[in-house]
Amino acid sequence: MKQVDPSVASRVPPGQTLTAKWPVLTYGRTPGFDPKRWTFRCFGLVERETTWTWAEFLKLPRVTVRSDIHCVTRWSKLDNEWEGVPARVILDHVRPRPEATWVLQHADPDYTTNTSLDDLRDDDVILALKHGGRDLEPDHGGPMRLVLPKLYFWKSSKWLRAFEFLDVNPPGFWEQNGYHMHADPWTEERYSDQETRAMQQMRAEAARKLRER
Ligand SMILES: Nc1nc2c(c(=O)[nH]1)N[C@H]1C(S)=C(S)[C@@H](COP(=O)(O)O)O[C@H]1N2
Ligand SMILES: [Mo]
């Protein structure tokens, strides 16, 4: 194995390997984009439900942030430069009600993932339009994706279309399929307890069958 600079090593969570390439991970196909029909909508437990058209969304204030990607399939890609609208700008505009503690991200095509409102409040969470100074490629979520760097990357919806503010925490697409409700890469929150129990049951069953042979 190559020697890794310790300052870099400290940025790589357990069980992850660095990659310079940027793999595409999509369940299903890359959706099309029609700027005349595209909207971003915030609804549910907010003071001010809002729908932005593409033209309106482009007028929102932007920042550039640098952050690391950690995918649950064990690759990490450091130092990504993202340009986009801070999640804070959206939250300040729609004003979540006090009982809103969870946000379900809705994305094309039929993708959802659940996050706590607190996790969306970090300064480095952005609704990204650019990566490395260029418009986000369609395969990577263009025209707009969420980037929530402190969680595994499945919590960052590509082709994000809505935030639904809730007082419950419904599992999204991957969460319904056994992935973790929170997804902190530093503590390896990869799979849910249910999945672990199911996996343990499967292993016990397999071991029992082996003994019976
Ligand atoms: N809409 C949508 N968003 C998505 C996904 C998806 O299938 N559909 N995959 C997730 C997963 S599992 C990962 S690892 C990242 C991958 O982003 P990338 O293809 O730009 O690397 O997007 C996440 N966001
Ligand atoms: Mo992923």
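For ligands, and for the atoms within them, numbers begin at 1 and follow the listed sequence. Treat the numbers as computed from the prediction; the structure is a model and nothing was measured.
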* Asked: Would one find an N or O of Val24, backbone or side chain, under 3.5 Å from an N or O of ligand 1?
  -> no
* Asked: Atom NZ in Lys150, atom OG in Ser156: separation rounded to 0.5 Å?
  -> 12.0 Å
* Asked: Using a distance-only test with no angle check, is there a side-chain donor-acceptor pair under 3.5 angstrom linking His70 and Gln16?
  -> no
* For Ala107, the ligand 1 atoms whose distance to one of its heavy atoms is below 4.0 Å -> 1 (N)
* With a 4.0 Å cut-off on heavy atoms, does Cys71 reach ligand 1? -> yes
* More than 12 foreign heavy atoms under 6.0 Å from CZ of Arg48: is that the case here? -> yes
* To do: For ligand 1, find out whether one of its N or O atoms is nearer than 3.5 Å to an N or O atom of Lys158.
  => yes
* Asked: Under the criterion ring pair (Phe, Tyr, Trp, His ring centres under 6.0 Å), which of Tyr179, Tyr152, Phe153 is the partner of Trp174?
  -> Tyr179
* To do: Give the numbers and elements of all ligand 1 atoms closer than 4.0 Å to a heavy atom of Ser156.
  => 22 (O), 23 (C), 24 (N)
* Out of Tyr111, Trp22, Trp159, who gets a non-hydrogen atom closest to atom 10 (C) of ligand 1? -> Tyr111
* Are the side chain of Lys155 and the backbone N or O of Met181 linked by a donor-acceptor pair below 3.5 Å? -> yes
* **Full working for side-chain hydrogen bond (donor to acceptor under 3.5 Å, both in side chains) between Ser157 and Trp159** => CA-CA 6 Å; Ser157 286; Trp159 315 295; over 6 Å; no
* Under 4.0 Å from a heavy atom of Thr26: give me the atoms of ligand 1 that qualify, with their elements. => 7 (O)
* Asked: Would you find a donor on one side and an acceptor on the other, under 3.5 Å apart, between the side chain of Asp122 and the backbone of Asp124?
  -> no
* Asked: Which protein non-hydrogen atom lies closest to atom 9 (N) of ligand 1, naming both residue and atom, and how far is it?
  -> Leu25 O, 3.1 Å
* To do: Looking only at protein heavy atoms, identify the closest one to atom 13 (C) of ligand 1 and say how far it is in Å.
  => Phe153 O, 3.8 Å
* Purely on distance, is any nitrogen or oxygen of Asp108 under 3.5 Å from one on ligand 1? -> yes
* **Location of contacts on Trp75 toward ligand 1, heavy atoms closer than 4.0 Å** => side chain
* Asked: Okay, side chain of Arg190, backbone of Val72: is any donor-acceptor separation there less than 3.5 Å?
  -> yes
* Asked: Is there a donor-acceptor pair closer than 3.5 Å between any side-chain N or O of Thr39 and the backbone N or O of Arg41?
  -> no
* N/O separation below 3.5 Å, Pro23 to ligand 1 -> yes
* Does some non-hydrogen atom of Arg145 fall short of 4.0 Å from ligand 1? -> yes
* Asked: Would you say Trp154 has any N or O atom under 3.5 Å from an N or O of ligand 1, going by distance alone?
  -> no
* To do: Using distance alone, determine whether Tyr27 and ligand 1 share an N or O pair under 3.5 Å.
  => yes
* Asked: Would the number of heavy atoms belonging to other residues, nucleotides or ligands and lying under 6.0 Å from CZ of Phe33 be above 12?
  -> yes
